[in-house]
Amino acid sequence: LWSFRDFTQRSRAQRALEAERAQLQTLIRTIPDLVWLKDLDGAYLACNPAFERLYAVGEAEIVGKTDYDFVDPELADFFRANDRAALAAGGRRVNEEWLTFAADGQRGLFETIKTPMHGSDGRLIGVLGIAHDITAQRATQEALREREELYRTIVNEAGEAIGLVDAETLQFVEVGDAASRMLGYSRDELLRLPLTAIQADSEMQDINALRARLIGAGGASFESRHCHKDGRILDTQVTARVTHLQG
């Protein structure tokens, strides 16, 4: 007696699943970010080659061990605390970590995303971690911050009143301390005002013509009359230049 069962569909599904797993493993192994998976007790279940550089050993030597086997207890406690925070939150947690690679001594700042992982049956199995190097990005941000501080110092320490006005809206974009002192307004007040708010009434009719002339010539020097917050009229000598920001 012979019995036959058609399992073509099951075989196809199994081959498709194996192909998807192979593609996923290839993706994880080739991305430059550090990727790892830990169980609920903090023991490593898997990692990619980028992560292997962190501890300077292969995945086979990392799996089954914890951070306490590779780094000092204080740093391992920090890693473990963030793992637990992700598990307690039940969702993605982001933090920044300074990492030193045992493979070559490289040290960098990494943005780390930790997410609870569940098995196909819905059971919580551990924490998935992905760390992206943001050292260069943070250095650029710090350099921009320092340049902005320098710019603000120059603007605020200048003896003349300095301001930046949007050519379309005539709204103040930035002002220096001397402008606040001269006009009697605080910086926040001036940033809420259009240029027309400090122009004397006799100057208002010429503002659009002046704007067109400035844009056409790229700048000009001229005399103008401005209103102090207390109502006084100030005769001023203005030097204006057209500049381009972000296009």
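When a residue number appears, it is its place in the shown sequence, counting from 1. Only this structure's heavy atoms are used, side chains among them; waters, hydrogens and symmetry mates stay out.
- In this structure, Glu160 places its CD atom where only 12 or fewer heavy-atom neighbours from other residues, nucleotides or ligands lie under 6.0 Å away.
- Using cut-offs of 30° and 60° for the angle between ring planes, the Phe51 and Tyr44 rings count as tilted.
- Taking both residues in full, the closest heavy atoms of Arg181 and Ala158 are given as NH2-O, 4.4 Å, listed atom of the first, atom of the second, then distance.
- One finds the CD atom of Glu189 at 11.0 Å from the CG atom of Leu183 (value rounded to the nearest 0.5 Å).
- Counting heavy atoms of neighbouring residues, nucleotides and ligands inside a 6.0 Å radius, atom CD of Glu74 does not exceed 12 of them.
- Using a 3.5 Å distance cut-off with no hydrogens or angles, the side chains of Arg92 and Thr115 do not pair a donor with an acceptor.
- Counting heavy atoms from C-beta on, the side chains of Leu40 and Leu87 come closer than 4.5 Å.
- A donor-acceptor pair is defined here as one N or O able to donate and one able to accept, closer than 3.5 Å; such a pair exists between the side chain of Glu52 and the backbone of Glu59.
- Separating the CG atom in Leu150 from the CD atom in Glu146 is a distance of 9.5 Å, to the nearest 0.5 Å.
- Here the side chain of Thr236 pairs a donor or acceptor atom with the backbone of Ser224 at under 3.5 angstrom.
- Nearest heavy atom pair, residue Lys114 against residue Ala86, reads O-CB, 3.7 Å.
- Within the 4.5 Å cutoff, the side chain of Met117 has no heavy atoms near those of the Leu45 side chain.
- Here the side chain of Glu96 pairs no donor or acceptor atom with the backbone of Thr112 at under 3.5 angstrom.
- Atom NZ of residue Lys38 and atom CG of residue Asp83 lie 4.0 Å apart, to the nearest 0.5 angstrom.
- Ile31 and Leu37 fall within a single hydrophobic cluster, where Ile, Leu, Val, Met, Phe, Trp and Tyr are joined by side-chain heavy atoms under 4.5 Å apart, directly or via other members.
- Annotation for Ala200 and Cys227: closest pair CA-SG, 3.6 Å, computed over non-hydrogen atoms.
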Given Phe110 and Leu54, is the side chain to side chain contact (heavy atoms under 4.5 Å, CB included) satisfied, shown in steps?
CA-CA 12 Å; Phe110 285 75; Leu54 180 63; over 6 Å; no

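- Side-chain atoms of Asp33 do not come within 3.5 Å of backbone N or O of Ile130 as any donor-acceptor pair.
- Under the 4.5 Å side-chain criterion, counting only non-hydrogen atoms from C-beta, Ile198 is in contact with Tyr185.
- Linking ILVMFWY side-chain heavy atoms closer than 4.5 Å, directly or via other members, places Ile125 and Val127 in two distinct hydrophobic clusters.
- Side-chain atoms of Thr135 and Asp133 form a donor-acceptor pair, as typed in the model, at a separation below 3.5 Å.
- Residues Leu214 and Ile162 do not share a hydrophobic cluster, clusters being chains of Ile/Leu/Val/Met/Phe/Trp/Tyr side chains in contact below 4.5 Å.
- In terms of heavy-atom proximity, Val155 sits nearest to Gly176 at CG1-CA, 3.4 Å.
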Show the numbers, then the answer: is there a side chain to side chain contact (heavy atoms under 4.5 Å, CB included) between Gln199 and His226?
CA-CA 5 Å; Gln199 293 293 122; His226 293 91; 3.1 Å; yes

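- Salt bridge status for Glu148 with Arg152: absent, with no side-chain N to carboxylate O gap under 4.0 Å.
- Side-chain contact between Leu128 and Val35 is present, with heavy atoms from C-beta onward closer than 4.5 Å.
- Summarising the geometry of Gly90 relative to Pro116, their closest heavy-atom pair is C-CG, 3.9 Å, with the distance given to 0.1 Å.
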**OP:** Determine, step by step, whether Leu34 and Leu99 satisfy the side chain to side chain contact (heavy atoms under 4.5 Å, CB included) criterion, reporting the C-alpha distance in whole Å, the side-chain angles of both residues, the deciding distance to 0.1 Å, and the verdict.
**Re:** CA-CA 11 Å; Leu34 282 65; Leu99 302 177; 4.2 Å; yes

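- One distance of note links OG1 of Thr66 with CG of Asp41; it measures 10.0 Å at 0.5 Å rounding.
- Distance check: Arg138 CZ to Leu109 CG gives 5.5 Å after rounding to the nearest 0.5 Å.
- Heavy atoms of other residues, nucleotides or ligands lying less than 6.0 angstrom from CZ of Arg241 number more than 12.
- Within the 4.5 Å cutoff, the side chain of Asn156 has no heavy atoms near those of the Arg187 side chain.
- Within the 4.5 Å cutoff, the side chain of Phe78 has heavy atoms near those of the Asn95 side chain.
- Enclosure of atom CD in Glu168 is not indicated, since only 12 or fewer non-hydrogen atoms of other residues, nucleotides or ligands lie within 6.0 angstrom.
- To the nearest 0.5 Å, atoms CG (Asp67) and CZ (Arg80) are separated by 9.0 Å.
- Residue Ile215 is not grouped with residue Val165 when hydrophobic side chains (ILVMFWY) are merged at heavy-atom distances under 4.5 angstrom, including chains of intermediate members.
- Between Phe79 and Glu97 the shortest side-chain heavy-atom distance falls below 4.5 Å.
- A chain of hydrophobic side-chain contacts below 4.5 Å, direct or via other Ile, Leu, Val, Met, Phe, Trp or Tyr residues, connects Val57 to Val71.
- Closest approach of Ala50 and Phe101 over heavy atoms only: O-CE2, 4.0 Å.
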* Walk me through it: do Glu223 and Asp235 pass the test side chain to side chain contact (heavy atoms under 4.5 Å, CB included)? => CA-CA 7 Å; Glu223 292 183 359; Asp235 292 314; over 6 Å; no

